[in-house]
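Shown next, in structure tokens, is the structure this report addresses.
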Amino acid sequence: MLYLIRQCFKPLLPVSPRYINYDTIPPHNELKKIDLLRLQNFFKNSNKLFVLTGAGISTESGIKDYRSQNVGLFATTNHRPTNYSEFLASAEVRRRYWARNTTAWPIFKSFKPNISHKYLATLEHMGKLHWLVTQNVDNLHHKAGSRRLTELHGTVYSVICLQCNI
């Protein structure tokens with residue numbers, strides 16, 4: 001996605017390749033010129049975009065996705081996300097979850113939005129993006145400036161106690 005955004009919108013958001021974390025980007029095909037032109041035309045002529053994003057948008061920021069061959073978390077570790085029903089059912093699972101997240105928090109909170117997050121925020125500020133929905137919990141769309149945003153799975157930047165709702 002980063003390559004696509006960079007090619008479409010060079011004048012809006014120049015970016016240096018040194019900000020790209022290539023270790024987390026899955027293998028992909030080069031973008032064809034005709035597809036680039038179609039995308040540019042689509043954005044140019046659109047005024048009320050609805051965009052859905054997932055893990056792939058944050059890989060350029062250094063956050064691994066789960067399923068990408070050779071670079072995703074499932075391919076590189078034995079760790080799996082905690083299932084919500086397991087979390088609710090077991091105090092031990094909750095302790096393990098919070099211990100792991102507390103340890104990883106300094107790294108996770110240091111991730112920055114990439115050009116794709118920033119461009120979507122720019123589209124919103126230009127009045128072209130009506131709403132953005134993400135499956136990600138990384139808060140990078142918000143950090144980039146998006147406000148017309150639904151985080152389907154919530155965010156790791158805020159938590160609520162399941163007993164007292166605080």
Side-chain angles (χ1 to χ4, degrees), residues 1-77 79-82 84 101 104-160:
M1 177 134 190
L2 178 65
Y3 174 80
L4 182 75
I5 297 292
R6 192 180 317 118
Q7 292 304 309
C8 281
F9 310 106
K10 281 182 184 174
L12 260 180
L13 293 167
V15 68
S16 167
R18 68 187 166 152
Y19 296 112
I20 303 169
N21 185 336
Y22 291 99
D23 295 337
T24 58
I25 301 173
H28 57 282
N29 296 325
E30 276 302 307
L31 180 66
K32 296 177 186 169
K33 182 74 171 178
I34 187 71
D35 294 331
L36 175 61
L37 294 172
R38 285 181 184 146
L39 184 64
Q40 286 173 324
N41 193 48
F42 176 77
F43 278 116
K44 179 181 173 186
N45 294 314
S46 297
N47 291 314
K48 203 169 185 180
L49 293 166
F50 174 87
V51 176
L52 173 65
T53 67
I57 197 168
S58 296
T59 57
E60 289 90 1
S61 294
I63 299 174
K64 291 185 176 198
D65 65 17
Y66 286 109
R67 294 172 189 86
S68 290
Q69 186 178 8
N70 301 325
V71 296
L73 287 172
F74 289 171
T76 60
T77 73
H79 299 294
R80 297 296 179 261
T82 302
Y84 186 64
N101 284 6
W105 180 248
I107 296 167
F108 194 79
K109 75 176 184 176
S110 72
F111 291 116
K112 305 271 187 264
N114 63 52
I115 193 170
S116 299
H117 298 103
K118 292 175 185 176
Y119 185 70
L120 290 171
T122 299
L123 284 176
E124 178 186 327
H125 299 303
M126 292 169 59
K128 286 187 162 285
L129 184 121
H130 177 69
W131 207 264
L132 172 61
V133 176
T134 186
Q135 298 177 66
N136 299 345
V137 298
D138 57 30
N139 205 40
L140 294 181
H141 286 297
H142 190 77
K143 285 181 176 180
S146 292
R147 296 300 176 260
R148 299 178 63 83
L149 172 66
T150 299
E151 295 167 313
L152 284 179
H153 302 299
T155 175
V156 296
Y157 279 76
S158 65
V159 294
I160 296 171

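Interatomic distance, Leu152 CG to Leu52 CG, rounded to the nearest 0.5 Å: 7.0 Å. Within the model, atoms OG of Ser61 and CG of Asn136 stand 9.5 Å from one another, a figure rounded to the nearest 0.5 Å. Interatomic distance, CG of Leu120 versus CG of Leu140, reported as 12.0 Å (0.5 Å rounding). Here CZ of Arg38 is found 13.5 Å from NZ of Lys33. Values are rounded to the nearest 0.5 Å. The distance from the CG atom of Asn139 to the OG1 atom of Thr155 is 4.0 Å, given to the nearest 0.5 Å. Once rounded to the nearest 0.5 Å, the distance linking CD1 of Ile63 with CD1 of Ile57 reads 11.0 Å.
Counting heavy atoms from C-beta on, the side chains of Phe42 and Leu49 come closer than 4.5 Å. Two residues are said to be in side-chain contact when any heavy atoms from C-beta on lie closer than 4.5 Å; Thr76 and Lys64 meet this criterion.
At distances below 3.5 Å, at least one donor-acceptor pair connects side-chain atoms of Asn45 with backbone N or O atoms of Asn41. Remark: the backbone N or O of Gly56 is paired with a side-chain donor or acceptor of Thr59 at under 3.5 angstrom.
Enclosure of atom OH in Tyr157 by more than 12 non-hydrogen atoms of other residues, nucleotides or ligands within 6.0 angstrom is indicated.
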So Val156 and Asp138, side-chain contact (heavy atoms from CB on, under 4.5 Å) or not? Walk me through it. CA-CA 7 Å; Val156 296; Asp138 57 30; over 6 Å; no

Taking it one step at a time, do Leu73 and His79 satisfy side-chain contact (heavy atoms from CB on, under 4.5 Å)? CA-CA 7 Å; Leu73 287 172; His79 299 294; over 6 Å; no

Between Thr53 and His141, does the side-chain contact (heavy atoms from CB on, under 4.5 Å) criterion hold? Intermediate values first, please. CA-CA 10 Å; Thr53 67; His141 286 297; 2.9 Å; yes

Which atom pairs, donor and acceptor, lie under 3.5 Å between side-chain atoms of residues 123-133 and protein residues at least two apart or in another chain?
{"residue": "Glu124", "atom": "OE1", "partner": "Arg147", "partner atom": "N", "Å": "3.0"}
{"residue": "Glu124", "atom": "OE1", "partner": "Arg148", "partner atom": "N", "Å": "3.3"}
{"residue": "Glu124", "atom": "OE2", "partner": "Arg147", "partner atom": "N", "Å": "3.0"}
{"residue": "Glu124", "atom": "OE2", "partner": "Arg148", "partner atom": "N", "Å": "3.2"}
{"residue": "His125", "atom": "NE2", "partner": "Gly145", "partner atom": "O", "Å": "3.2"}
{"residue": "Lys128", "atom": "NZ", "partner": "Phe43", "partner atom": "O", "Å": "3.2"}
{"residue": "Lys128", "atom": "NZ", "partner": "Lys44", "partner atom": "O", "Å": "3.1"}
{"residue": "Lys128", "atom": "NZ", "partner": "Ser46", "partner atom": "O", "Å": "2.7"}
{"residue": "His130", "atom": "ND1", "partner": "Arg148", "partner atom": "NH2", "Å": "3.2"}
{"residue": "Trp131", "atom": "NE1", "partner": "Thr150", "partner atom": "OG1", "Å": "2.7"}

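With 3.5 Å as the limit, one finds no donor-acceptor pair spanning the side chains of Ser146 and His117.
Residues meeting the side-chain contact (heavy atoms from CB on, under 4.5 Å) test with Ile107, sequence neighbours left out: Phe111.
With respect to the salt-bridge test (charged N to carboxylate O, under 4.0 angstrom), the residues Lys32 and Asp35 do not qualify.
Between Tyr66 and Phe74, the angle of the ring planes lies from 30° to 60°, which puts this pair in the tilted group.
Closest approach of Asn114 and Ser58 over heavy atoms only: ND2-CA, 4.1 Å.
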